[in-house]
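Everything numeric in this text was worked out from a predicted model, so none of it was measured. We use all heavy atoms of the structure for the numbers below, so side chains are in, but hydrogens, waters and symmetry mates are not.
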Amino acid sequence: MKRYKYYILSLVALCSFSACDALLDEDPLYSQNSNIVFQTEDNAELALLGCYGYMSSGNAYGQMWQEVPIVASGLAWAQRPEDLNSLNTLAANGLISSAWGGMYKVIAEINAFLESIDKSGLNEGVKIQKGGEAKFLRALAYYNLVSTFGDVPLKTVASSSEGISIARSPREEVFAQIVQDLKDALSISEKSSVGRANSWAVKAFLGKVYYKMAALGMDAAANWQNAKGMFDAVYGSHVYELEPKFANLFGEYVSNSKESIFQMNYSTGNASGCYNRGSNRFAPQASTSGINWSTYRVAKFAYDMHEGTYPGDPRIDVNFLTKWRARNGNNQANPKPQVGSALCANDSMYTYPYWKIKFTDVTVPGSNNVNLEIMAKLPYADFTNPKNPSISVLENYEATHGASPYNSTVAKAASDFTKVGNGEKWPYFGKLYDQGQTGTMAHKNLMVYRYAEMLLLMADVYNELGDTPKAISLANEVLARARKSGVMSSTQPADWSSSLTKEQVTEKLYFERIIELCGEPNIYDMVRIRGTEYFKKFLELNTTHELTIQGEQNYTTSVNNFADRLLNGGNLTDDFLRKNLLLPIPTSEIDANPGLSNSDNNFGY
């Protein structure tokens, strides 16, 4: 009975650990007594569910492994001063300390689980299945750590009082362990319940790991081929398919999409406290029925990258939240009552690239003489480069196009969008938004890895191996789904031309992954996965963006913290780019572990 109690605790207390705990100091719940082993398959199943639970907890995918990678991606905006989204992250940042601890807590529990199941008398089939699932989770945790922090401590045995302070292991050793864990996990079942790993998910993720290793220059020739082998097997199996409508991937509790390779499942009634807090952190205040902090928004240049690349792309309204019903405040069950007899712009809030035009001589039908408002949008078709709205075009819009209620407001809108002091002039990350949010809990599951990402990585592999036509064909599968994702089919994003060169396809695939995965946890990795050359191409969209430049200039003349920023003051030096391929190991961990330092990291590329 004592042993069984430990396994129950591993489920009930999933989120009870401190965000500040130093990882290598922690003892897993059921590893505190080396004599504890699993007596029944049910005991092992409960403990394995505990490992899944830690991966879904607040310091893992429940919050920190959404918040940290999205905010540090380069696409996010937050009120100054804020080091993480400014790509000037300090080792003392509490968010990265929590994220670091979250993944290592998963690893500590899995190490203990694997030791316990190995000592047990359970049959070999149970050991292979449950041990394989645990190794998949450990591989995912180490992939997150090595991709985000570089060389990291590698520990594959249960925690004890010995060996707590260990130095970083070279990333090659970490990747070797990830590959070995995934190879071991290839023997698990081909089918699984939603939210559990199966052998097809293992193959798909192993393909991604080989891709990452090849991109890092680690035995590149062999690993491009290794990645192709894994991706080909998954692609040919037809186990996964693209969801017909892009928006369907991000609705309430999506659990049966064939696009999901691996996901975290949540509930607003989970007694353990493990729930999805993404909407709470990223949604505008007074925009849902729950509590929102409006902490982060999308940088204007990131929105314009998508709009300027694919005007009319149905994914734009999914990636970016730019309009929502007004509420009286947080925790309001219902939006404000309609102003008139039908919904109109008066009832909603708008942010970049939208604004309101108020008429003084027209009232809302059915209202108490309320002046009518309509929605307006930046005129992207008038810009030479729609990825970079021209201030001169906006300032001279009325002179160029004649007087009208819209034309006369364009110049003011351009000024307002760069003016210091307004915190509601940036889009929000739409995929995380849950209008029906309960408290701080979103009614959403979280896709950690999905088929569209695999297809775009697979396309890159084929392109690297010289089959550019196949690469274009794979990318076009993703683009075709996007076109069909609106109420009516769109002409954008159009299929890529078959005449594109290998170099052109590499660049287009890089930016396509950013567009497709904007606001998802893998975006940090996708922005950096091609090294400093492409990372610079992406950040140049920030440093050349006219509205961002003007916002930066306005900020320097004011003490108000709300204004756009140029990353590193617009200076994309080699040192800045290389440093920002990774995050620093948190100070809290270095203080607890003398074997760690931020001065000895291998940035790669």
Side-chain angles (χ1 to χ4, degrees), residues 17 19 21-26 28 51 54-73 84 89 91 93 95-111 134-157 159 164-182 205-206 208-209 211-213 215-216 218 262 264 448-449 521-529 580-590 592-593 595-598 600-604:
F17 57 94
D21 283 344
L23 160 100
L24 298 176
D25 255 348
E26 293 177 326
C51 295
Y54 277 110
M55 187 63 88
S56 69
S57 70
N59 279 5
Y61 280 108
Q63 179 178 336
M64 289 305 166
W65 282 89
Q66 295 183 63
E67 186 167 351
V68 169
I70 293 172
V71 175
S73 66
L84 191 61
T89 306
N93 187 294
L95 296 179
I96 63 169
S97 177
S98 296
W100 171 279
M103 281 301 117
Y104 271 114
K105 183 63 177 178
V106 173
I107 291 166
E109 291 294 325
I110 290 170
N111 289 343
K135 287 184 177 182
F136 172 84
L137 292 175
R138 186 169 68 180
L140 174 59
Y142 269 125
Y143 181 89
N144 287 340
L145 289 164
V146 76
S147 297
T148 307
F149 297 99
D151 301 344
V152 294
L154 179 62
K155 193 172 180 67
T156 58
V157 296
S159 298
I164 289 175
S165 297
I166 61 175
R168 286 176 157 179
S169 297
R171 68 179 183 206
E172 289 80 5
E173 292 182 15
V174 181
F175 274 108
Q177 183 61 51
I178 292 169
V179 169
Q180 186 59 58
D181 276 349
L182 292 174
F205 189 58
L206 186 52
K208 179 176 177 175
V209 172
Y211 174 102
K212 177 78 172 182
M213 294 169 71
L216 283 167
M218 296 168 57
F262 187 67
M264 295 288 125
V448 174
Y449 187 32
N522 290 341
I523 190 62
Y524 179 93
D525 192 24
M526 291 301 106
V527 168
R528 293 159 173 80
I529 203 164
N580 273 288
L581 290 177
L582 299 169
L583 293 177
I585 287 182
T587 301
S588 58
E589 189 64 24
I590 293 174
N593 184 352
L596 297 181
S597 168
N598 273 313
D600 58 353
N601 200 11
N602 180 359
F603 286 90

Spatial distance of atom [atom1] ([X]) from atom [atom2] ([Y]) [nearest 0.5 Å]:
{"X": "Met64", "Y": "Ser57", "atom1": "CE", "atom2": "OG", "answer": "10.0 Å"}
{"X": "Leu154", "Y": "Ile166", "atom1": "CG", "atom2": "CD1", "answer": "7.0 Å"}
{"X": "Asn522", "Y": "Ile70", "atom1": "CG", "atom2": "CD1", "answer": "9.5 Å"}
{"X": "Leu216", "Y": "Arg171", "atom1": "CG", "atom2": "CZ", "answer": "4.5 Å"}
{"X": "Asn580", "Y": "Thr89", "atom1": "CG", "atom2": "OG1", "answer": "6.5 Å"}
{"X": "Arg168", "Y": "Ser597", "atom1": "CZ", "atom2": "OG", "answer": "7.0 Å"}

With a 4.5 Å heavy-atom cut-off, do [X] and [Y] have their side chains touching?
{"X": "Val174", "Y": "Asp151", "answer": "no"}
{"X": "Met213", "Y": "Ile178", "answer": "no"}
{"X": "Pro584", "Y": "Trp100", "answer": "no"}
{"X": "Val106", "Y": "Arg138", "answer": "no"}
{"X": "Lys105", "Y": "Asn59", "answer": "no"}
{"X": "Leu583", "Y": "Leu84", "answer": "yes"}
{"X": "Pro170", "Y": "Glu172", "answer": "yes"}
{"X": "Trp65", "Y": "Met55", "answer": "no"}

If you take all heavy atoms of [X] and [Y], which pair is closest and at what distance?
{"X": "Ser147", "Y": "Leu582", "answer": "O-CD2, 3.6 Å"}
{"X": "Asn598", "Y": "Ile585", "answer": "OD1-N, 2.8 Å"}
{"X": "Ala167", "Y": "Leu596", "answer": "C-CD2, 4.1 Å"}
{"X": "Tyr142", "Y": "Pro153", "answer": "CE2-O, 3.6 Å"}
{"X": "Ser97", "Y": "Ser588", "answer": "OG-OG, 2.7 Å"}
{"X": "Pro69", "Y": "Ile523", "answer": "O-CG2, 3.9 Å"}

request  = In sequence, state the C-alpha distance, the side-chain angles, and the governing distance for Thr148 and Met103, and then conclude on side chain to side chain contact (heavy atoms under 4.5 Å, CB included).
outcome  = CA-CA 11 Å; Thr148 307; Met103 281 301 117; over 6 Å; no
request  = Give me the one residue out of Tyr211, Tyr143, Phe262 that meets ring-ring contact (aromatic ring centres under 6.0 Å, His included) with Phe205.
outcome  =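 Going through the options one by one, the only one that passes is Tyr143.
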key: Gln66 side chain to Pro521 backbone, donor-acceptor under 3.5 Å   = no
ask   = Checking side chain to side chain contact (heavy atoms under 4.5 Å, CB included) for the pair Thr156/Asp181: CA distance, chi angles, key distance, verdict?
value = CA-CA 10 Å; Thr156 58; Asp181 276 349; 5.8 Å; no
query = Has Arg528 got its NZ or CZ under 6.0 Å from the middle of the six-membered ring of Tyr524, at an angle within 45 degrees of the ring axis?
reply = yes
